[in-house]
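Working notes, beginning with the structure itself.
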Amino acid sequence: MTTCRIEELSQHVDQEVTLRGWLYNKRGSKNVQFLMLRDGSGICQCVAGKKDVDEATFESCQKLTQETSLSITGRVNADARSVGGHEIHITGVEVLQTSEDYPITPKEHSTGFLMGHRHLWLRSKKQHATIRIRSRIVKAIRDFFDHRQFILVDAPIFTPAACEGTTTLFEVDYFDDKAYLTQSGQLYMEAAAMAHGKVYCFGPTFRAEKSKTRRHLTEFWMVEPEVAFADLNEVMDLGEALVHSIVTAILSDCQAELEALERDLAPLEAITPPFPRISYDEAVQILHSKGIEFEWGGDFGAPDETAISEHFAKPVLIHRFPAQIKAFYMKEDPEDPRLALGYDMIAPEGVGEVIGGGQRAESLSFLQKKIAEHHLPEEAFDWYLDLRRYGSVPHAGFGLGLERTVAWMCGTPHVRETIPFPRLLDRIRP
RNA sequence: UCCCCGAUAGCUCAGCGGUAGAGCAGCUGGCUGUUAACCAGCUUGUCCUAGGUUCGAAUCCUAGUCGGGGAGCCA
């Protein structure tokens with residue numbers, strides 16, 4: 001007897017196989033039962049005709065409840081009437097554990113209810129598709145950097161100080177001292193880039209922001225490349241190429257998942273390089289041309305980002321922001337010291353910022369001045385300033401938010417569905 | 001931190017001053033192939049909590065709790 005997964009059924013037509021999984025749904029009449037079995041790799045219709053199986057088997061099929069775990073043995077039949085093109089003509093059914101009163105029925109539920117049952121909601125079709133796409137995106141990201149000779153360097157989760165500010169950090173006890181959960185691996189990647197040239201880290205980051213929006217999590221994943229000797233233009237090229245390689249991978253490998261999510265493919269197929277690149281000044285002009293009030297020097301809010309992105313069919317890169325609204329480590333524009341050599345990539349369809357990055361300041365005295373201006377404790381950045389004392393070179397990098405990228409690819413409006421167990425302002429369970 | 005909206009059956013909701021309803025789920029029966037199958041019947045409530053108004057409150061008022069959406073900030 002061959003045990004196989006539903007995704008492999010096409011290789012076993014007319015053979016008898018055993019499938020192991022959970023009952024997704026059931027339909028039936030007096031003489032025939034249709035069991036929808038899911039096993040993680042797909043969903044398969046298993047048919048039990050009253051004349052084709054013994055009485056005990058038919059009766060046990062009639063009694064099966066949603067999400068009961070079971071193994072089903074039968075002959076694989078190619079049948080266009082069945083979803084997926086194959087079905088099983090049952091010869092035997094073995095129940096592993098009977099599921100009673102499964103909370104998530106094949107009908108409508110509120111988001112709050114589903115979030116409370118996240119551990120079970122993961123089994124539902126769209127959630128299953130979303131997590132598979134997330135997995136494929138992670139692989140696409142790793143492949144992208146690995147194929148370009150980047151070295152994976154893991155950044156610490158416990159950190160002694162803030163990267164950008166202290167109000168958004170989670171504080172934890174660290175023996176007799178305090179530590180914070182990392183909000184970015186960037187500073188560590190700058191150190192690693194001076195050792196390996198091209199590096200990236202990929203892991204969870206934490207922000208204690210009291211944000212309650214569809215784009216925010218308190219724990220989210222970020223991939224952060226950092227490249228020695230690179231300038232702003234090179235990391236804009238890198239971000240563009242990364243996003244393009246992610247889209248290409250998803251479109252070629254995740255067709256079934258995109259279909260389960262009812263994703264409109266046209267906006268994804270439109271994501272081809274080159275992406276438009278505009279300066280902050282040009283972005284402000286676009287806002288003004290649309291009649292939106294905006295004062296030069298401020299940062300774009302979510303509605304501003306959407307208005308700018310609606311101007312283009314592709315992701316748009318906005319570069320050279322006013323230095324005053326950007327982090328202390330940004331290099332200033334030699335042609336206009338009011339500006340910083342940073343950039344954001346704004347995704348279309350209201351997704352918003354998926355990449356933030358730019359060229360880092362390599363001058364020791366400039367950084368010391370900036371740390372003072374931002375009222376940051378210089379002693380906390382002593383090790384970081386060493387990177388400017390011992391062979392400082394121009395370098396640049398960025399961070400790409402994984403959950404926003406998954407939401408973008410999936411067409412999912414809220415990032416909480418793009419991570420298996422989301423951590424939000426007021427939700428830490430399950 | 002601020003601004004909106006909501007809380008009624010296991011789930012999704014209707015009822016909005018006269019004492020509790022529908023669909024789905026569950027249970028029983030029917031149906032030769034169904035595609036969130038369908039048809040008939042049955043069961044299920046501290047109407048979020050605490051005060052108040054009223055002859056009478058799920059319904060009106062106040063406070064609180066929880067949930068949803070949005071803003072700021074950011075990936």
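Each chain gets a letter, A, B and so on, in the order the sequences are listed, and its residues count up from 1.
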Candidate nucleotides [options], ranked by approach to the side chain of [X] - the nearest:
{"X": "A:Phe220", "options": "B:A37, B:A75, B:G70", "value": "B:A75"}
{"X": "A:Arg215", "options": "B:C74, B:U34, B:G69", "value": "B:C74"}
{"X": "A:Pro303", "options": "B:C74, B:A71, B:G33", "value": "B:A71"}
{"X": "A:Asp299", "options": "B:U32, B:C74, B:A75", "value": "B:C74"}
{"X": "A:His109", "options": "B:A37, B:U12, B:A71", "value": "B:U12"}
{"X": "A:Asn25", "options": "B:A37, B:C74, B:A75", "value": "B:A37"}
{"X": "A:Ala302", "options": "B:U34, B:G72, B:A75", "value": "B:G72"}

Could you check whether A:Lys370 makes a cation-pi contact with A:Phe328, meaning its NZ or CZ is under 6.0 Å from the centre of the six-membered ring and within 45° of the ring axis?
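So A:Lys370 doesn't make the cation-pi contact.
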Considering only the [atom1] atoms, how many Å lie between [N] and [M], rounded to the nearest integer?
{"N": "B:C61", "M": "B:U46", "atom1": "P", "value": "25 Å"}
{"N": "B:A57", "M": "B:U19", "atom1": "C1'", "value": "9 Å"}
{"N": "B:A25", "M": "B:G68", "atom1": "C1'", "value": "24 Å"}
{"N": "B:G17", "M": "B:C11", "atom1": "P", "value": "27 Å"}
{"N": "B:C66", "M": "B:A50", "atom1": "C1'", "value": "15 Å"}
{"N": "B:A20", "M": "B:C16", "atom1": "P", "value": "15 Å"}
{"N": "B:G70", "M": "B:G29", "atom1": "P", "value": "48 Å"}
{"N": "B:C38", "M": "B:U44", "atom1": "C1'", "value": "24 Å"}

Whole-Å distance between [N] [atom2] and [X] [atom1]?
{"X": "A:Asn31", "N": "B:C38", "atom1": "CG", "atom2": "P", "answer": "19 Å"}
{"X": "A:Leu425", "N": "B:G68", "atom1": "CG", "atom2": "C1'", "answer": "13 Å"}
{"X": "A:Glu209", "N": "B:U1", "atom1": "CD", "atom2": "P", "answer": "15 Å"}
{"X": "A:Leu169", "N": "B:C73", "atom1": "CG", "atom2": "P", "answer": "18 Å"}
{"X": "A:Tyr24", "N": "B:A37", "atom1": "OH", "atom2": "P", "answer": "10 Å"}
{"X": "A:Glu417", "N": "B:G68", "atom1": "CD", "atom2": "P", "answer": "12 Å"}
{"X": "A:His216", "N": "B:G70", "atom1": "NE2", "atom2": "C1'", "answer": "12 Å"}
{"X": "A:Lys26", "N": "B:U34", "atom1": "NZ", "atom2": "P", "answer": "18 Å"}

query = Are there more than 12 heavy atoms of other residues, nucleotides or ligands under 6.0 Å from atom NZ of A:Lys290?
reply =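 Enclosed: over 12 neighbouring heavy atoms sit under 6.0 Å from NZ of A:Lys290.
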Exercise for the section: Step through the shown structure and confirm whether more than 12 heavy atoms of other residues, nucleotides or ligands are within 6.0 Å of CD on A:Glu269. Expected result: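 For A:Glu269, atom CD is crowded (more than 12 foreign heavy atoms under 6.0 Å).
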Remember a base hit wins even if backbone is also touched, and classify [X] as base, sugar-phosphate or nothing at under 4.0 Å, heavy atoms.
{"X": "A:Gln45", "value": "base"}
{"X": "A:Gly301", "value": "sugar-phosphate"}
{"X": "A:His117", "value": "nothing"}

Note to self: Using the salt bridge (Lys or Arg N to Asp or Glu O under 4.0 Å) definition, which of the options A:Glu417, A:Glu262, A:Glu259 pairs with A:Lys126?
What the structure shows: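 Per the salt bridge (Lys or Arg N to Asp or Glu O under 4.0 Å) rule, the option paired with A:Lys126 is A:Glu262, out of A:Glu417, A:Glu262, A:Glu259.
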Problem - Spacing of SG belonging to A:Cys254 relative to CZ belonging to A:Arg136, to within rounding of 0.5 Å - result: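 A:Cys254 atom SG to A:Arg136 atom CZ measures 6.5 Å (nearest 0.5 Å).
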With both distances under 3.5 angstrom, what nucleotide forms a Watson-Crick or G-U wobble pair with [N]?
{"N": "B:C66", "result": "B:G6"}
{"N": "B:U1", "result": "B:A71"}
{"N": "B:U35", "result": "none"}
{"N": "B:A40", "result": "B:U28"}
{"N": "B:G45", "result": "none"}
{"N": "B:C55", "result": "B:G18"}
{"N": "B:C11", "result": "B:G23"}

Just to confirm, is there a sub-4.0 Å distance from OP1 or OP2 of [N] to any side-chain nitrogen or oxygen of [X]?
{"X": "A:Arg214", "N": "B:G70", "answer": "yes"}
{"X": "A:Ser110", "N": "B:G68", "answer": "no"}
{"X": "A:Thr105", "N": "B:C24", "answer": "no"}
{"X": "A:Arg416", "N": "B:G69", "answer": "yes"}
{"X": "A:Lys30", "N": "B:C31", "answer": "yes"}

**Message:** Over 60° means perpendicular and under 30° means parallel, so tell me whether A:His117 and A:Phe113 are parallel, tilted or perpendicular.
**Reply:**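 Judged by the thresholds at 30° and 60°, the geometry between A:His117 and A:Phe113 is tilted.
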- Which sits closer to the 5' end of RNA chain B, A:Gly399 or A:Arg27, going by the nucleotide each is nearest to?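 The 5'-side residue here is A:Arg27.
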- [ ] Using heavy atoms to find the nearest nucleotide of RNA chain B for A:Lys63 and A:Leu400 separately, return the residue whose nucleotide is more 5′.
- [x]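 Per heavy-atom nearest nucleotide, the more 5' residue is A:Lys63.
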Residue of the set A:Phe145, A:Tyr188, A:Phe398 for which ring-ring contact (aromatic ring centres under 6.0 Å, His included) holds with A:Tyr200
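Answer after filtering A:Phe145, A:Tyr188, A:Phe398: A:Phe145.
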task: Flag the pair A:Arg263 and A:Glu257 as a salt bridge only when some basic side-chain nitrogen lies within less than 4.0 angstrom of an acidic carboxylate oxygen.
output: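 A salt bridge is absent here (no side-chain N lies under 4.0 Å from a carboxylate O).
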Original post:
Is there a donor and acceptor pair closer than 3.5 Å between the side chain of A:Gln33 and the base of B:G33?
Top reply: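 No, the side chain and the base share no sub-3.5 Å donor-acceptor pair.
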Kindly indicate whether the side chain of A:Arg404 and the base of B:C74 share any N or O donor-acceptor pair separated by less than 3.5 Å?
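Side chain to base: pair found, below 3.5 Å.
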Exercise. Do A:Gln33 and A:Lys26 have side chains that get closer than 4.5 Å, going by heavy atoms?
Worked result: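 A:Gln33 vs A:Lys26: side chains touch.
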